[in-house]
Amino acid sequence: MEFRKAKKENLEQVYELVQETIREVYPKYYLKEIVDMFREFHNKERIAQDVEAGNVYILFDEGNLIGTGTINANHITRVYVWPRFQGRGYGTFIMNCLEELIRENYDSADIDASLPACRLYAHLGYETIDHGMWECANGVIQVYEIMKKQLKKHPADSLRFRPYKPSDAEAIVSWIKDETVFRKWSSDRFGDYPIKPEDINHKYLECNGDCEEPDNFYPMTAADENGPVGHLILRYTNPEKTTIRLGFIIVDESKRGKGYGKRMVQMATKYAFDMLKAEKVTLGVFDNNPAAYHCYKAAGFEEIKLEKEIVLEILGEQWKIIELERKKE
């Protein structure tokens with residue numbers, strides 16, 4: 001998937017997406033006068049002005065324009081997903097991306113909610129703080145909800161969850177203070193200690209994380225306003241692509257105690273369920289890493305009993321693997 005700012009050449013596509021979505025969805029909720037009002041409000045000229053101002057964002061998946069959203073300061077507007085792609089989590093993904101952009105400069109986001117979208121916004125944590133009115137043709141009145149969401153309540157709430165960048169490797173290596181930390185993080189998957197940033201980039205970018213399937217390896221990074229604070233990878237473990245496994249989970253030691261690890265794992269799990277359409281997420285942790293174990297439990301994972309214990313010999317010791325999983329609710 002690609003989420004980016006819209007350019008002038010995207011104007012026609014965005015306009016068509018917005019207008020067609022209104023024409024197809026809104027008559028189920030509104031009178032014709034209100035539908036016409038929405039269509040006029042989101043006219044091509046207004047969209048073009050927002051594109052010119054750099055406020056319009058678009059989401060592509062496999063070459064298809066999926067949806068769009070616009071921000072003006074901390075106000076979110078014009079969030080639309082093509083009707084044929086609705087119900088797949090794209091609207092939530094767009095909202096999350098817009099919130100991350102707003103969070104860089106504001107503590108809260110607000111939105112004027114139409115009836116088709118109210119449930120989504122409420123599910124995402126928005127609360128109704130007021131109501132607005134718009135007079136349409138023939139004296140028809142449209143009442144809409146003005147909703148608000150507080151974005152920064154805890155240091156971990158400032159985290160952004162984004163795809164891995166090659167420059168992240170230097171930060172990850174700096175978090176690995178000794179070989180014990182290195183093995184708890186990677187087991188035997190990276191060979192000899194120590195490693196260099198180019199070793200991580202080689203495995204991720206040139207070897208696809210040692211995954212044979214081309215679309216089966218998703219390295220991600222959690223970052224706050226100062227840069228990367230955590231990292232992990234996601235990969236499918238079954239041909240049906242219903243199970244995602246998290247791995248290479250690590251958090252900057254200097255940031256521990258702020259809930260970053262729990263938040264990052266929760267964000268990865270949500271991404272696995274909403275965007276990768278997994279039904280179950282799994283991970284493993286060594287029994288000599290209680291801090292990580294309790295972090296995963298706090299993130300909603302449950303320990304599962306294995307038919308046979310998995311024990312690895314590492315650094316001359318026997319390290320047992322504890323398996324945990326979380327199923328989609």
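Keep in mind that this is a model prediction, so the values were computed, not measured.
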Legend entry - Trace of the side-chain contact (heavy atoms from CB on, under 4.5 Å) decision for Phe301 with Val265: CA-CA 10 Å; Phe301 282 75; Val265 171; 3.6 Å; yes
Over all atoms of both residues, closest heavy-atom pair of [X] and [Y]:
X      : Y      : value
Gly89  : Lys277 : N-NZ, 3.8 Å
Pro228 : Asp168 : CG-OD1, 3.5 Å
Pro27  : Val35  : N-CG2, 3.9 Å
Val311 : Gln318 : CG1-OE1, 3.3 Å
Ala137 : Glu33  : O-CG, 3.3 Å
Ile321 : Gly284 : CG2-CA, 4.3 Å

Listed partners of [X] passing ring pair (Phe, Tyr, Trp, His ring centres under 6.0 Å), at least two apart:
X      : value
Tyr80  : His42
Tyr293 : none
Tyr164 : Tyr204, His231
Tyr271 : none

Is there a path from [X] to [Y] through hydrophobic residues (I, L, V, M, F, W, Y) whose side chains come within less than 4.5 Å of each other?
X      : Y      : value
Val181 : Tyr260 : no
Ile314 : Phe182 : no
Ile250 : Met220 : no

With [X] via salt bridge (Lys or Arg N to Asp or Glu O under 4.0 Å) - residues at least two apart:
X      : answer
Arg183 : Glu179
Glu145 : none
Glu52  : Lys8
Lys241 : none

Inset, instruction - Determine the interplanar angle of the Trp185 and Phe248 rings, folded into 0 to 90°, and report it as parallel if under 30°, tilted if 30 to 60°, perpendicular if over 60°. - result: tilted
Inset, instruction - Could you tell me how the ring of Tyr90 sits relative to the ring of Phe85: parallel (under 30°), tilted (30 to 60°) or perpendicular (over 60°)? - result: perpendicular
For [Y], is there any backbone N or O sitting under 3.5 Å from a side-chain donor or acceptor partner on [X]?
X      : Y      : value
Glu323 : Thr282 : no
Gln86  : Val81  : yes
Thr237 : Ile244 : no
Arg78  : Thr68  : no
Asn238 : Thr243 : yes
Asn55  : Thr70  : no
Asn72  : His75  : no
Arg235 : Gly247 : no
Asp112 : Thr77  : no
Asp199 : Lys196 : yes

Legend entry - Intermediate values then yes/no, salt bridge (Lys or Arg N to Asp or Glu O under 4.0 Å), Glu99 and Lys149: CA-CA 9 Å; Glu99 287 175 5; Lys149 178 179 179 179; 3.1 Å; yes
Inset, instruction - Indicate yes or no: at least one non-hydrogen side-chain atom of Arg4 is less than 4.5 angstrom from one of Phe60. - result: yes
Legend entry - Pairwise side-chain contact, Ile94 with Tyr57, heavy-atom cut-off 4.5 Å (strictly under): no
Would the number of heavy atoms belonging to other residues, nucleotides or ligands and lying under 6.0 Å from [atom1] of [X] be above 12?
X      : atom1 : result
Lys297 : NZ    : yes
Glu212 : CD    : no
Glu62  : CD    : no
Glu170 : CD    : no

Legend entry - Sole residue of Trp134, Phe38, Tyr144 in ring pair (Phe, Tyr, Trp, His ring centres under 6.0 Å) with Tyr30: Phe38
Inset, instruction - Tell me whether the guanidinium CZ or amine NZ of Lys184 lies under 6.0 angstrom from the six-membered ring centre of Phe286 and within 45° of its axis. - result: no
Inset, instruction - Please say whether the positively charged group of Lys203, taken as NZ for Lys or CZ for Arg, lies over the ring of Phe190, i.e. under 6.0 angstrom from the six-membered ring centre and within 45 degrees of the axis. - result: yes
Legend entry - Distance-only side-chain donor-acceptor flag, Thr92 / Asp274, under 3.5 Å: no
Legend entry - Flag for Asn43-Glu40: side-chain donor and acceptor within less than 3.5 Å: yes
Contacts of [X] that satisfy side-chain contact (heavy atoms from CB on, under 4.5 Å) - sequence neighbours left out:
X      : result
Ala6   : Asn10, Val51, Val56, Ile58
Ala223 : Arg160, Arg162
Tyr106 : Ala73, Asn74, Ile102

Legend entry - Straight-line distance of Leu283 CG to Arg245 CZ, nearest 0.5 Å: 6.5 Å
Legend entry - Interatomic distance, Ile233 atom CD1 to Ile200 atom CD1 [nearest 0.5 angstrom]: 12.5 Å
Inset, instruction - Could you identify which residues cluster with Val143, counting Ile, Leu, Val, Met, Phe, Trp and Tyr as linked when any side-chain heavy atoms lie under 4.5 Å apart, either directly or through a chain of such contacts? - result: Met133, Ile141
